[in-house]
Amino acid sequence: MTVTLDFEETLTDSPRTRAAMEEVESEVSDLESRLEKLVKLSSHMNDGGRQYCSSSRHFVDALRDLSHHSRKDTILSECLEKFSDGLSKIIDSHVELLENIQFSFKQRLLLLLKEDLRSFRDSRKELERCREGLESALQHNAETPRRKTQEVQDAATAVLGSRRTFRDRALEYALQINVIQGKKKFDILQFMLQLMDAQASFLTQSHHAMQALHQYRNDLAAQVHRSVLEAAREQRDMEQKLSIFKAKDMSDEDSVLQGEDASSQVVIEGYLFKRASNTFKTWSRRWFSIQNNQLVYQKKVDVLTVVIVDLRLCAVKLCPEAERRFCFEVVSPAKSCMLQAESERVLQLWVSAVQRSITTAYSDNKRESGSLRLPHSPAEAPAKQKGVQGAQDTVLRVPGNASCCDCRTAEPEWASINLGVTLCIECSGIHRSLGVHFSKVRSLTLDSWEPELIKLMCELGNNTINRIYEARIEDMNIRKPTAASSR
């Protein structure tokens, strides 16, 4: 089972989480419309007589259309395509088969359509209601002045209750998303298996067409069975994890994500209230993060607004005299930004993260200044060339690297640094044409090579990579190219 939405990510209710939920909901809506179309067409197959052939052809087309719903799922797409081809050959066969087809619909797809998908939609509405309640409680809590002690306590209690309700609904909704993503696949696959089993049993005239799918059906049934068992185990694990999450003490830190180590691109991210710089000094709740030595916020998952361009030029200070609680200010030569956290603990996390980021930015700048020094004299150029030659010798000494990984041309002078292989000039050109998202090509003789990159090339090499990429070329009747092969 593929985990579409992580429980920890769900609790943050970030724009990224909301976008993931919207994507799943769009897929569910698309699936529902396709299933409704498929169910409608299946009923036409029971009209019999002259309508049988026409309705059956539309039904087969609908099956192929359903495969477009899961193009990335090769198992499901291949299943739908193969079985649709088989159905096209037996369209004029026995009318009795239609009763078996109708039974398969009721047992699998109608149940998925009428119960599972509609229950999912109801859960979504309940989650939206809880989110609105939490937003309202947080807004009221943030606006309550510190001098009104009773109102502060009441607002905090309301936030706690709303957060608990939203937390439970969000975790349950995340579980439902992950389960339904797997269940829809298995229901469709099992429906297809039942449908094709009925065809094999009743359509004697299409024996040869079904015989071609016999082994595939057996393999798919075994694969579905294994997948169902595995999904059941994963569902049980997720339910146990859900229980652990529900049992954990609720904390303000649930809404804050911090980088796991110093190399993380995002140092910290979470919701903060930001005071506007206009005349009215209004406050807005935004998803903030520190990344690439910048302080940014976002309202949509792919749109970043930079608040502080360079943290090296900034200072951070607490604001105990501010009207609102838990406020701090990030000050740069050009501007200042007043921010408000949800609690004292979250305030400490953000202030510490900003201070840490400022220190790290200075350290990184010093290291880069020392490592990017250009040669000051012609005498340094031969030393650089000697280093490049040493890299080439080291890489070519790896077993298999003395000839091109693809065509076996001797003395390759190019390499794919993300695949870890050496290439001749012809094959390197083909790799470049694929794009850098497939293969990043670098010269062994002209480009500079970092020690870490040389170490990676030595860990991989042509022999190791070809044992993976070319493991099944004989089974697939694919011929390995040679130096004489055309592009």
Side-chain angles (χ1 to χ4, degrees), residues 4-27 29 124-143 159 162-163 166-167 169-170 173-174 177 252-259 264-311 314 316 322 324 326-332 334-343 346-347 349-351 353-354 357:
T4 303
L5 201 60
D6 182 72
F7 289 128
E8 293 181 356
E9 181 75 9
T10 302
L11 291 178
T12 66
D13 195 32
S14 67
R16 182 168 57 250
T17 304
R18 296 187 182 189
M21 288 183 178
E22 291 176 359
E23 182 178 355
V24 171
E25 290 154 15
S26 177
E27 291 178 0
S29 178
R124 172 60 178 166
K125 294 179 180 178
E126 180 64 18
L127 177 63
E128 283 296 326
R129 185 186 66 79
C130 294
R131 177 182 286 138
E132 292 175 359
L134 177 58
E135 292 276 357
S136 177
L138 287 170
Q139 186 71 32
H140 177 66
N141 183 56
E143 294 172 349
V159 168
S162 298
R163 191 185 298 280
F166 173 78
R167 188 173 186 265
R169 293 293 180 272
Y173 185 68
I177 285 178
D252 296 329
E253 297 182 38
D254 288 345
S255 60
V256 179
L257 295 177
Q258 300 187 74
S264 298
Q265 182 180 6
V266 178
V267 178
I268 188 173
E269 56 182 338
Y271 278 109
L272 292 172
F273 286 91
K274 176 183 177 297
R275 190 180 70 179
S277 57
N278 56 27
T279 305
F280 301 101
K281 305 295 183 182
T282 55
W283 292 82
S284 301
R285 190 168 180 255
R286 297 287 183 262
W287 182 263
F288 274 84
S289 63
I290 297 176
Q291 50 185 290
N292 300 324
N293 295 333
Q294 293 181 330
L295 178 65
V296 301
Y297 72 85
Q298 58 189 129
K299 292 190 289 185
K300 295 183 178 181
V301 67
D302 294 326
V303 181
L304 289 178
T305 300
V306 178
V307 180
I308 301 297
V309 176
D310 192 343
L311 287 175
C314 294
V316 59
R324 292 193 173 204
F326 318 129
C327 289
F328 65 100
E329 189 173 14
V330 181
V331 183
S332 73
K335 62 186 297 188
S336 64
C337 180
M338 177 75 77
L339 302 171
Q340 180 188 18
E342 296 179 8
S343 68
V346 175
L347 169 65
L349 290 175
W350 272 98
V351 172
V354 174
S357 298

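Side-chain atoms are counted along with the backbone in the values below, which use heavy atoms only and exclude waters and symmetry mates. Everything numeric in this text was worked out from a predicted model, so none of it was measured.
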Is any NZ, NE, NH1 or NH2 atom of the basic residue among Lys125 and Glu128 found under 4.0 Å from an Asp or Glu carboxylate oxygen of the other?
no
With sequence neighbours left out, the residues meeting salt bridge (charged side-chain N to carboxylate O under 4.0 Å, His left out) with Glu135 are Arg18, Arg285
Does Leu304 reach the side chain of Gln291, with side-chain heavy atoms less than 4.5 Å apart?
yes
Flag the pair His140 / Val159 as yes when at least one side-chain heavy-atom distance between them is below 4.5 Å, and no otherwise.
no
Do Val307 and Leu339 touch side chain to side chain, with heavy atoms closer than 4.5 Å?
no
If we ignore angles and hydrogens, is there a donor and acceptor under 3.5 Å between the side chains of Ser26 and Ser29?
no
Salt bridge Arg129-Glu126, side-chain N to carboxylate O under 4.0 Å
yes
Would you indicate whether the side-chain heavy atoms of Phe328 and Val316 approach each other to under 4.5 Å?
yes
Would you compute the distance between atom CD of Glu23 and atom CE of Met21 and round it to the nearest 0.5 angstrom?
12.5 Å
Of all the heavy-atom pairs spanning Leu272 and Ala341, show the shortest one and how long it is.
CD2-CA, 3.8 Å
Within the structure provided, determine whether Leu257 and Val266 are in side-chain contact (heavy-atom separation under 4.5 Å).
no
Only counting residues at least two apart or in another chain, list the ones meeting side-chain hydrogen bond (donor to acceptor under 3.5 Å, both in side chains) with Gln298.
none
Shortest non-hydrogen contact from Phe273 toward Leu138
CZ-O, 3.9 Å
Side chain to side chain contact (heavy atoms under 4.5 Å, CB included) involving Thr279 - partner list, sequence neighbours excluded
none
Nearest-0.5 Å distance that lies between atom CD in Glu342 and atom CG in Asn141
8.5 Å
Do Gln294 and Val309 come within less than 4.5 Å of each other through their side chains, counting heavy atoms only?
yes
Counting only heavy atoms not in Asn278, do more than 12 fall under 6.0 Å of its CG?
yes
Results of salt bridge (charged side-chain N to carboxylate O under 4.0 Å, His left out) for Arg324 - residues two or more places apart only:
none
Hey, mind stepping through Ile290 and Trp350 against side-chain contact (heavy atoms from CB on, under 4.5 Å) and telling me if it holds?
CA-CA 9 Å; Ile290 297 176; Trp350 272 98; 4.1 Å; yes
Listed by chain and number, what are the ring-ring contact (aromatic ring centres under 6.0 Å, His included) partners of Tyr271, not counting sequence neighbours?
Trp287
Pairwise distance SG(Cys337) to CZ(Arg275) - rounded to 0.5 angstrom
9.0 Å
So, for Ile308 and Val330, which heavy atoms are closest and what is the spacing to 0.1 Å?
CG1-CG1, 4.0 Å
dist Arg286:CZ -> Ser289:OG (nearest 0.5 Å) comes out at 14.0 Å
For a 4.5 angstrom cut-off between non-hydrogen side-chain atoms, does Pro15 reach Lys300?
no
Is the shortest heavy-atom distance from the side chain of Leu127 to the side chain of Arg124 under 4.5 Å?
yes
Kindly write out the residues that satisfy salt bridge (charged side-chain N to carboxylate O under 4.0 Å, His left out) with Glu329, not counting sequence neighbours, or none if the list is empty.
Lys317
Please lay out, stage by stage, how Met338 and Trp283 fare under the test side-chain contact (heavy atoms from CB on, under 4.5 Å).
CA-CA 10 Å; Met338 177 75 77; Trp283 292 82; 3.5 Å; yes
